[in-house]
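The next block holds one structure in the form of structure tokens; read it before the comments.
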Amino acid sequence: KGFVLLVSGCAFVLFPMLITPDPGSNVNEDLKTLQKYQSSLADAGKGMELLAAGDREGALKKFAGCLAVLPDHPDAAYGRAVVSSREDDLVQALLWIERAEAGCRSLQSIWKEQTAGRLSMSREEQLRLRELVTQGIDRTKNSVFCDAQSLIYNKTARQTQDVLRQADGEVSPFAVPAEFFALHGNILFKMKRLDEAEAQYIKALDVNPGHERCLNNLVNIYYVTRRLDLAREWLKKAGERKVSIHPKLKAAVLSLKGDGS
């Protein structure tokens with residue numbers, strides 16, 4: 001028998017407005033997109049807070065408001081994916097998490113244009129934006145319990161191991177977070193699309209090598225598909241990263257012979 005270790009999480013952080021548009025200026029569309037994202041962050045955070053408190057309808061209203069401002073708002077789309085996944089509406093959950101990731105990539109592309117000097121954002125605004133997006137304002141206060149196993153997750157508190165770098169070495173504040181890939185993997189796992197789930201977990205671990213749930217779920221996939229060499233390899237990596245693997249799963253992997261018998 002296989003193990004079901006799938007968990008999803010969410011968090012909220014409130015951000016002040018950073019870019020104030022000048023009504024008389026000719027602000028280009030990319031800068032407007034950043035402005036829309038920033039102006040809706042507080043509502044996205046409130047939606048996550050309501051979701052954690054069990055107010056599904058209130059959360060969905062907040063997410064809908066964000067998506068009305070920015071159709072590919074990654075935080076709001078992620079929130080919708082969490083809701084759909086919890087309700088086992090896996091087709092919709094998959095669409096929403098793909099939309100969340102696309103939103104991140106779109107904002108990341110705009111950020112690259114900004115750092116190349118093609119957007120009219122001051123250096124001070126640029127630095128303030130980076131600081132707020134890449135760091136949690138308060139990791140403890142802004143983390144919330146919002147899944148069945150009460151695991152804490154704060155998407156915005158991206159530490160050194162939890163950040164993607166662009167090809168030019170510039171740290172992107174809009175890189176797809178590990179938790180997006182993790183939820184994507186969980187949805188595919190539930191759909192029994194194990195090869196695709198495996199790929200998503202590996203993406204998450206590329207971003208955050210110590211992501212405990214992804215390591216457990218990846219070992220689980222290799223166990224149930226009897227790819228024991230890979231299961232043991234990732235058990236070893238988990239040990240090197242000081243990440244706990246579920247004791248029963250670990251024992252099951254180690255008890256099997258090389259041929260999976």
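Just so it is clear, the structure is predicted and the values come from calculations on it, not from any experiment.
A salt bridge links Lys237 with Glu233; the closest basic N to acidic carboxylate O contact falls under 4.0 Å. Checked for salt-bridge contact, Glu198 and Arg227 meet the test: a charged N lies under 4.0 Å from a carboxylate O. Taking the charged nitrogens against the carboxylate oxygens, Glu49 and Lys62 have no contact shorter than 4.0 Å, which rules out a salt bridge.
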Item checked: Working for side-chain contact (heavy atoms from CB on, under 4.5 Å), residues Ile97 and Gln200 -> CA-CA 12 Å; Ile97 195 61; Gln200 293 299 323; over 6 Å; no
Item checked: side-chain contact (heavy atoms from CB on, under 4.5 Å) assessment of Trp96 paired with Leu67 -> CA-CA 11 Å; Trp96 279 116; Leu67 293 163; 3.6 Å; yes
Next item on the list: Please step through side chain to side chain donor-acceptor pair (under 3.5 Å) for the pair Asp229 and Tyr222, ending with a clear verdict.
Entry: CA-CA 8 Å; Asp229 287 345; Tyr222 293 139; over 6 Å; no
Checklist line | Criterion side-chain contact (heavy atoms from CB on, under 4.5 Å) on Glu101 and Arg99, from CA distance to verdict | finding: CA-CA 5 Å; Glu101 292 168 3; Arg99 189 163 167 180; over 6 Å; no
Note to self: For Val224 and Leu194: C-alpha separation, side-chain torsions, deciding distance, then whether side-chain contact (heavy atoms from CB on, under 4.5 Å) applies.
What the structure shows: CA-CA 10 Å; Val224 299; Leu194 298 187; 4.1 Å; yes
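We find the CZ-CG distance between Phe63 and Asp43 to be 10.5 Å, quoted to the nearest 0.5 Å. Taken from CD1 in Ile110 to CZ in Arg105, the straight-line distance is 13.5 Å, to the nearest 0.5 Å. Put simply, CD1 on Ile187 and CD on Gln92 are 11.0 Å apart, with the number rounded to the nearest 0.5 Å.
Under a hydrophobic clustering in which Ile, Leu, Val, Met, Phe, Trp and Tyr are joined whenever their side-chain heavy atoms come within less than 4.5 Å, directly or via other members, Phe180 and Met48 fall into the same cluster.
For the pair Arg241 (side chain) and Glu212 (backbone), a donor-acceptor distance under 3.5 Å is absent. For the pair Thr225 (side chain) and Ile221 (backbone), a donor-acceptor distance under 3.5 Å is present. Asn186 places no side-chain N or O within 3.5 Å of a backbone atom of Asn217 that could act as its donor or acceptor partner. Checking side-chain atoms of Ser39 against main-chain N and O of Lys36 turns up a donor-acceptor pair under 3.5 Å. The closest donor-acceptor contact from the side chain of Ser84 to the backbone of Arg80 lies under 3.5 Å.
Within the 4.5 Å cutoff, no side-chain heavy atoms of Pro74 are placed close to those of Pro177. Between Cys214 and Leu205 there is a side-chain heavy-atom pair separated by less than 4.5 Å. Proximity of Ser85 to Lys190: side-chain heavy atoms (C-beta onward) are separated by under 4.5 Å at one or more points. Side-chain contact between Asp75 and Tyr37 is present, with heavy atoms from C-beta onward closer than 4.5 Å. Between Leu94 and Arg193 there is a side-chain heavy-atom pair separated by less than 4.5 Å.
Side-chain N/O atoms of Glu196 and His184 include no donor and acceptor closer than 3.5 Å.
In this structure, Tyr201 and Phe189 have tilted ring planes: the angle between them lies in the 30° to 60° band.
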